[in-house]
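Following: one structure in structure tokens, then a few remarks.
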Number of protein chains: 2
Amino acid sequence: MTYENLDGLEVKKLENAKAQMRKGLLELCVLSIIDPEEMYPSDIIEKLKEAELIVVEGTLYPLLTRLKNAGLLEYTWRESTSGPPRKYYTTTEQGKVFCRELKESWDELVTKINNITTINSNHE
Amino acid sequence: MTYENLDGLEVKKLENAKAQMRKGLLELCVLSIIDPEEMYPSDIIEKLKEAELIVVEGTLYPLLTRLKNAGLLEYTWRESTSGPPRKYYTTTEQGKVFCRELKESWDELVTKINNITTINSNHE
DNA sequence: AAAGGTACTTTGCAATACATAGAACTAACT
DNA sequence: AGTTAGTTCTATGTATTGCAAAGTACCTTT
């Protein structure tokens, strides 16, 4: 990824476009990360960061709450040795099913987008 | 894609999740579709439909306007033999560069998401 | 002239990111 | 005991971009 062909304004636009691309994908990411085990929010943020998908608290907490309210996640409080208690989230059975469906939808979407963008690459 | 594991409310949630996934991806799609040639909006909608990415006027027209205002697209009016005149859009040089950068960003994003969701699939 | 079809514009709403401020809890320090 | 620092979680305003729907404008046909 190099920005040498873009001026300052374009860079900002590209950054924004990248941010918009991420919208709507976090549910899948978060459910996938949590699924095999239990996790508390800062760990989730850390895991996302390792995957180079940076997410901030203001995004994650409301998302976790939404998923909990939708019955896809549940949580238990756990005392921590290094500060206040933590909410450990796990995926409900419902959430596992939903996550699998979501993954399928994602795969289909990727295929569709690639069909569009790859076909046109061949013309260049 | 089967919904047999989901009840009515879940289906609605999944549909919504799919809609959210699409957000942010249309710029890339539209630029990719237009790039090799010139196109007017109904044709773009048709092409997207063929690719099973259904987009409505209320979405596309403002998007085209945004891209035009950003200098990535330009248009000329053309008379039509079957109705009112049409706006034919073409990609500017700037738009071609932007589209390539966007494609790279997309590819990176796909890789990152797949890293997250695939790793966890292996645990099931 | 009116009707029908096509093309484009506008607007309100919903959803989900981000930035930021703040509250609450615990451990360590003074 | 009180204060400070670090950690965890909550809430809110803002920005962006889809969708639904209504409406305007233009051309052809009736």
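By convention in this document, chain letters (A, B, ...) are assigned in the order of the sequence lines, proteins followed by strands, and residues within each chain are numbered from 1.
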[X] side chain near [N] phosphate (N/O to OP1/OP2, under 4.0 Å):
X	N	result
A:Lys87	D:dT10	yes
A:Asn16	C:dC18	no
B:Tyr61	C:dT10	no
B:Arg66	D:dG18	yes
B:Arg86	D:dC27	no

If you look at every strand shown and take non-hydrogen atoms under 4.0 Å, does [X] touch a base, only sugar-phosphate, or nothing?
X	value
A:Leu60	nothing
A:Ile45	nothing
A:Pro85	sugar-phosphate
B:Ser42	sugar-phosphate

Where each residue is assigned the nucleotide of DNA chain C containing its nearest heavy atom, which of B:Tyr88 and A:Leu26 is assigned the position nearer the 5′ end?
-> B:Tyr88

Grab the [atom1]-[atom2] distance between [X] and [N] for me, whole Å please.
X	N	atom1	atom2	answer
A:Leu64	D:dC9	CG	P	9 Å
B:Tyr40	C:dA7	OH	P	4 Å
A:Arg22	D:dT16	CZ	C1'	13 Å
B:Glu57	D:dA25	CD	C1'	15 Å
B:Met21	D:dC19	CE	P	14 Å
A:Glu27	C:dT16	CD	P	6 Å
A:Ile44	D:dC9	CD1	C1'	13 Å
A:Leu25	C:dA17	CG	P	8 Å

Side-chain heavy atoms of B:Leu48 within contact of B:Ile54, under 4.5 Å |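 Heavy-atom side-chain distance check fails, nothing below 4.5 Å.
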
According to a 4.5 Å side-chain heavy-atom criterion applied to Ile, Leu, Val, Met, Phe, Trp and Tyr, with indirect links allowed, do A:Leu53 and B:Leu25 form part of one hydrophobic cluster?
->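 A:Leu53 clusters together with B:Leu25.
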
Identify whether B:Met21 and A:Val110 are in the same connected component of the hydrophobic contact network (ILVMFWY, side-chain heavy atoms under 4.5 Å).
-> yes

Electrostatic pair B:Asp107:B:Lys103 at N-O distance under 4.0 angstrom = yes

Who passes side chain to side chain contact (heavy atoms under 4.5 Å, CB included) against A:Thr81, sequence neighbours left out?
->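 If we apply the side chain to side chain contact (heavy atoms under 4.5 Å, CB included) test to A:Thr81, skipping adjacent residues, there are no hits.
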
For B:Thr90, the option from B:Glu38, B:Glu37, B:Met39 that meets side chain to side chain contact (heavy atoms under 4.5 Å, CB included) =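 Testing each of B:Glu38, B:Glu37, B:Met39 against B:Thr90, the sole residue satisfying side chain to side chain contact (heavy atoms under 4.5 Å, CB included) is B:Glu38.
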
Do A:Lys23 and D:dT16 share a donor-acceptor pair, side chain to base, under 3.5 Å?
->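 Flag set: donor-acceptor pair detected.
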
Centroid-centroid distance, A:Tyr75 to A:Tyr88, less than 6.0 Å |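 No.
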
Please confirm whether the backbone N or O of B:Leu28 pairs with a side-chain atom of B:Ser32, one donor and one acceptor, at under 3.5 Å?
->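 Side chain of B:Ser32 to backbone of B:Leu28: a pair is present.
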
When you measure from every atom of DNA chain D, which of residues 73-84 of chain B have a heavy atom less than 4.0 Å away?
-> B:Thr81, B:Gly83, B:Pro84

